[in-house]
Amino acid sequence: MKIILRIILLAVLGLIGYGYYMNLEEAGNGEKFIGFGVLLFAFILMPLFIYYRYRNKDLRNYSLKDFANPPDKKKED
């Protein structure tokens with residue numbers, strides 16, 4: 001999964017860089033590459049990254065369910 005994420009990241013950076021370069025050379029043609037790179041980043045790379053980082057984690061530790069009444073912490077001396 002880590003390798004797939006890196007490949008997609010390189011593809012996104014490549015598309016955005018190529019689109020920027022194309023905008024410098026020919027006006028208007030690079031915007032399609034930049035847009036596709038941003039869409040790939042937002043809808044493919046970020047969900048895969050979030051899934052990769054949070055799988056096998058207990059997400060109850062991060063919820064604000066008992067924010068008003070936190071449990072008492074016991075001090076062990």
same_hphob_cluster(I4, Y51) at 4.5 Å side-chain heavy-atom cutoff: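 Yes, because I4 and Y51 connect within a single hydrophobic cluster, where side-chain heavy atoms sit under 4.5 Å apart.
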
Should Y54 and M1 be counted in the same cluster of Ile, Leu, Val, Met, Phe, Trp and Tyr side chains packed under 4.5 Å apart?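 Yes: a chain of side-chain contacts under 4.5 Å links Y54 to M1.
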
Supply the atom-to-atom distance [X] [atom1] to [Y] [atom2], rounded to the nearest 0.5 angstrom.
X	Y	atom1	atom2	value
F36	F41	CZ	CZ	14.5 Å
M22	I34	CE	CD1	10.5 Å
M46	I44	CE	CD1	12.5 Å
L15	L39	CG	CG	10.5 Å
R55	I50	CZ	CD1	14.0 Å

Of all the heavy-atom pairs spanning [X] and [Y], show the shortest one and how long it is.
X	Y	answer
P47	A42	CD-O, 3.5 Å
K57	R53	CE-O, 3.5 Å
A11	L40	CB-CD2, 4.4 Å

State, yes or no, whether a side-chain contact exists between L9 and L45 at a heavy-atom distance under 4.5 Å.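 A side-chain contact exists here, since the closest heavy-atom pair is under 4.5 Å.
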
Report yes if the side chains of Y20 and L24 come closer than 4.5 Å at any heavy-atom pair, otherwise no.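 They are in contact (side-chain heavy atoms under 4.5 Å apart), so the answer is yes.
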
Residues, nucleotides or ligands: over 12 heavy atoms within 6.0 Å of R6 CZ: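 12 or below, so no.
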
